[in-house]
2 protein chains.
Amino acid sequence: MGNRLNGFGACSTEVKKACPIEMTLHIIGGKWKGIIIDILSNNSVRFNELKRLIPGISQRMLTLQLRELEADGIVKRKVENTIPKKVEYSLTEQGEKLSPIIASMRIWGIQYMG
Amino acid sequence: MGNRLNGFGACSTEVKKACPIEMTLHIIGGKWKGIIIDILSNNSVRFNELKRLIPGISQRMLTLQLRELEADGIVKRKVENTIPKKVEYSLTEQGEKLSPIIASMRIWGIQYMG
DNA sequence: CGGAATCCCTTCCGATACTG
DNA sequence: CAGTATCGGAAGGGATTCCG
């Protein structure tokens, strides 16, 4: 199932047609994607920098989540083939449209804890 | 370990202190909670009506999700002990504060599919 | 530096059957 | 009507090791 990597909107297939809320939650859901998008808002960040900014994430999970976000058209990946290699991640236009939503989730979370 | 049911903010414990975004995503995440909150926005809905309004959800999952939302202080449950029983679900004040976020996720999803 | 590969455990979720 | 109980598969996620 789930054919990934067919570019923009590669999100998990059947979900698409169904409920847009479910689809959005599927794209930004999971343990790490929210904070990744939040950090990348109006920012271009390198892999290890990103890893440093997200306490507790493993290299494996960071890679996986970035790959999925990329496949869903949320994140861009820019490689400079210098030595050592340099890879910069940033949000696509679609991705930037998500960041206010993530930001409001942060606000809500803070007042919820308060 | 995750002590549930200690009322408001019973969300899974350790998450709380960490990242508010992660916590919010934990509360509204998963396959069904988004649409449940969306339907309950400014609405009081009975169990079976809710089930009817959410295509594909099983009785078990609806119950589970409602219980978690209740434990997290998002959803209220009102029982009338008539025969047959009547149970109405609605959002708490905290829950209503989530509904604009869910709504913006719906909007984003629609334009993303567009 | 920025990954990929493997292993393994936990959580999520669906199907089905039963109940006050 | 509004649930519970039980089972089993699928997906999510952590630890560790290896690589160009």
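Scope of the values below: all heavy atoms of this structure, side chains included, with no hydrogens, waters or symmetry mates. Just so we're on the same page: letters track the sequence lines, and every chain starts at 1.
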Worksheet, complete the sentence: Of the listed D/dA2, C/dA4, C/dC1, the closest approach to the A/T63 side chain comes from C/dA4

Discussion item. In this structure, how many angstroms lie between the C1' atom of D/dG12 and the NE2 atom of A/H26, rounded?
Written reply: 11 Å

Item to complete: Measure the distance from CD on A/E22 to P on C/dC12 and round it to the nearest whole Å.
Response: 16 Å

Discussion item. Please tell me if B/Y89 has a side-chain N or O lying less than 4.0 Å from either OP1 or OP2 of D/dG3.
Written reply: yes

Practice prompt. Specify the separation, in whole Å, of atom CG of B/L62 and atom P of D/dT4.
Written response: 11 Å

Item to complete: Find the distance between CD (A/E96) and CD1 (A/I74) and round it off to the nearest 0.5 Å.
Response: 10.5 Å

Discussion item. Please identify which of these residues, A/L62, A/L64, A/I57, meets the side-chain contact (heavy atoms from CB on, under 4.5 Å) condition with A/R60.
Written reply: A/L64

Fill in: Qualifying residues under side chain to side chain donor-acceptor pair (under 3.5 Å), relative to B/Q59, sequence neighbours excluded
none

Fill in: Atom-to-atom span, CZ of B/R67 to P of D/dA5 - whole angstrom
11 Å

Worksheet item: Which part of the nucleic acid, if any, lies within reach of B/K86 when heavy atoms closer than 4.0 Å are counted: base, sugar-phosphate only, or nothing?
Response: sugar-phosphate

Discussion item. What is the separation between atom CG on B/L66 and atom P on D/dC1, rounded to the nearest whole Å?
Written reply: 16 Å

Discussion item. Can you build the contact string for nucleotides 13-20 of chain C? Use B for base contact, S for sugar-phosphate-only contact, and - for no protein heavy atom under 4.0 Å.
Written reply: BBB-----

